[in-house]
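One structure below.
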Amino acid sequence: MKWLVSGEGATDIGTCAIGSSVSCRGEQFEIGPMAAIIDRLLEPIVDYSPLAFESICLLRKQDLTRRSRRSKSLRFVALPGKKADTGTRFFFKNALALARAAREMEAEDRCPVCAVLFRDADGTHTSSETEYAQKLKSMELGFKAADGFDRGVPMIPKPKSEAWLICALKEDSPYSFCDRLEETLPGNDDSPNSAKMQLAEILLAKGKSTSDLAEMVMNQEIHPDRIDMPSFNSFRQRLELVAREMIRS
């Protein structure tokens, strides 16, 4: 079993070391906190650390974007009754490109591969739940559009990955009442008291920085299994379901 992951950069899923190819694993994979969360959630199910066994491979965003652009058959599927928009089209095409890359890895490595696509939901306080649901559904449809690929996992924090981490690290009742963060945290980094700024302040008070987050997850200063938020639960349930299905296959 393997997991092909792709995110936005070093502060979420991670990045490849300088000089490495468009995809990487093992020592070449400089993991971010979201990759560490994936590993921690999978370990109790598969009985080993996928990162330690180099079973998680990163496909860099730049290459995923190139794959999306060069494929002539990438056709956006609008949600029923919904007008196609730039945001949902972006999520669909990225999911489709990653699923196709996972298909290629399956053929090469001769084992099932799960595709995990990270993208922040972003948006604002007033962004509707329908908008988030549309982005999630567009990603699901993108995975399916790759010849029925059924091992796709959307990883879409609402409004941003910082919300999941603030849930675990906040001074006032960590891991409790975290659903409120999805409605109150600004999704825009330029907003006053942005989610990114709030997380940085929490870390500074602990003598940490954002560069410490992946290690904090791996050494259990942050417990992903205790995070309880709608967007996180959606991701976790899908990841665990796919992992169990891969074990049975």
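Residues: numbered from 1 along the sequence shown.
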Taking C-beta and beyond as the side chain, do E162 and L185 meet within less than 4.5 Å on heavy atoms? no

Without swapping roles, check the side chain of R119 against the backbone of M139 for a donor-acceptor pair under 3.5 Å. no

Residue E54 excluded, over 12 heavy atoms near CD under 6.0 Å: yes

Hphob cluster co-occupancy, M246 + F53, side-chain heavy atoms under 4.5 angstrom: yes

Search all heavy atoms of F143 against all heavy atoms of A95 and return the closest pair with its distance. CD2-O, 3.5 Å

If you group Ile, Leu, Val, Met, Phe, Trp and Tyr by side-chain heavy-atom gaps below 4.5 Å, do V116 and I247 land in one group? yes

Given 3.5 Å as the limit, does a donor-acceptor pair link the side chain of K160 with the main chain of P186, or not? no

Salt bridge between E104 and R100, side-chain N to carboxylate O under 4.0 Å? no

Out of D109, L42, V46, which one pairs with M1 under the side-chain contact (heavy atoms from CB on, under 4.5 Å) rule? V46

What distance do R69 atom CZ and L64 atom CG have between them, rounded to the nearest 0.5 Å? 10.5 Å

Look only at the side chain of R236 and the backbone of D225, and say whether a donor-acceptor pair between them is shorter than 3.5 Å. yes

Please identify which of these residues, N188, T210, D189, meets the side-chain hydrogen bond (donor to acceptor under 3.5 Å, both in side chains) condition with K196. D189

Within the side chain of S49, is there an N or O that forms a donor-acceptor pair under 3.5 Å with the backbone of A52? yes

For the atom pair CZ (R40) and CD1 (I38), what is the distance rounded to the nearest 0.5 Å? 12.5 Å

After noting the C-alpha distance and the side-chain angles of L203 and M216, does the key distance pass the side-chain contact (heavy atoms from CB on, under 4.5 Å) rule? CA-CA 11 Å; L203 290 168; M216 292 172 73; 4.0 Å; yes

Any idea which heavy atoms bring A163 and P159 closest together, and the distance? CB-CD, 4.0 Å

Rounded at 0.5 Å granularity, tell me how far CD in Q237 sits from CG in L241. 9.5 Å

Quick test of your reading of the model: are K2 and E106 salt-bridged, counting only N-O distances below 4.0 Å? no

Side chain K93, main chain L96, donor-acceptor under 3.5 Å: no

Is there a side-chain contact between I13 and M155 in this structure, where contact means two heavy atoms from C-beta onward sitting under 4.5 Å apart? yes

Identified side-chain contact (heavy atoms from CB on, under 4.5 Å) counterpart of T15 within the set K61, E30, Q28: E30

State whether the number of non-hydrogen atoms from other residues, nucleotides or ligands found under 6.0 Å of Y48 atom OH is greater than 12. yes

Under 3.5 Å: donor-acceptor pair, side chain of S234, backbone of P230: no

Does any non-hydrogen side-chain atom of R244 lie less than 4.5 Å from one of I45? yes

Does the pair K206/E221 count as a salt bridge with the N-to-O cut at 4.0 Å? no

Any side-chain heavy-atom pair from M218 and I31 closer than 4.5 angstrom? yes

Taking the SG atom of each, are C24 and C57 under 2.5 Å apart? no

Might you point out which heavy atoms bring I166 and Q198 nearest each other, and give the distance in Å? CD1-CB, 4.0 Å

Here the pair of heavy atoms bringing F235 nearest to I37 is CE2-CG2, 4.2 Å

Between D39 and L51 (side chain of the first, backbone of the second, donor and acceptor by atom type, cut-off under 3.5 Å), is there such a pair? yes

Under the 3.5 angstrom rule, does the side chain of S194 hit a backbone N or O of D190 as a donor-acceptor pair? no

Does N94 reach the main-chain N or O of F91 with its side chain, forming a donor-acceptor pair under 3.5 Å? no

By side-chain hydrogen bond (donor to acceptor under 3.5 Å, both in side chains), D63 pairs with (sequence neighbours left out) R67

Could you tell me which non-hydrogen atom of A115 sits nearest to which non-hydrogen atom of F149, and how far apart they are? CB-CE2, 3.8 Å

Please examine the side chains of S55 and W3, heavy atoms only from C-beta on, and report whether any two atoms are closer than 4.5 Å. yes

Whether K144 and D150 form a salt bridge (side-chain N of Lys/Arg under 4.0 Å from carboxylate O of Asp/Glu) is what I want to check. no

Taking the side chain as C-beta and beyond, is there a heavy-atom pair between K170 and C178 under 4.5 Å? yes

For the CD atom of E8 and the CG atom of L117, what is their distance to the nearest 0.5 Å? 9.0 Å

Within this structure, what is the SG-CG distance for the pair C167 and L181, rounded to the nearest 0.5 Å? 6.5 Å

Say you draw a straight line from CD1 of I227 to CD1 of I222; how long is it, rounded to the nearest 0.5 Å? 7.5 Å

Is it the case that atom CD in E27 sees more than 12 heavy atoms from other parts of the structure closer than 6.0 Å? no

For M34 and L165: C-alpha separation, side-chain torsions, deciding distance, then whether side-chain contact (heavy atoms from CB on, under 4.5 Å) applies. CA-CA 9 Å; M34 297 299 106; L165 298 165; 4.1 Å; yes

Any side-chain heavy-atom pair of I202 and E171 under 4.5 Å: no

Heavy-atom pair of closest approach, residues A121 and K135: O-NZ, 2.8 Å

So, the side chain of T184 versus the backbone of R180: is there a donor-acceptor pair under 3.5 Å, distance only? yes

Heavy atoms, side chains only, cut-off 4.5 Å: are S161 and F118 in contact? yes

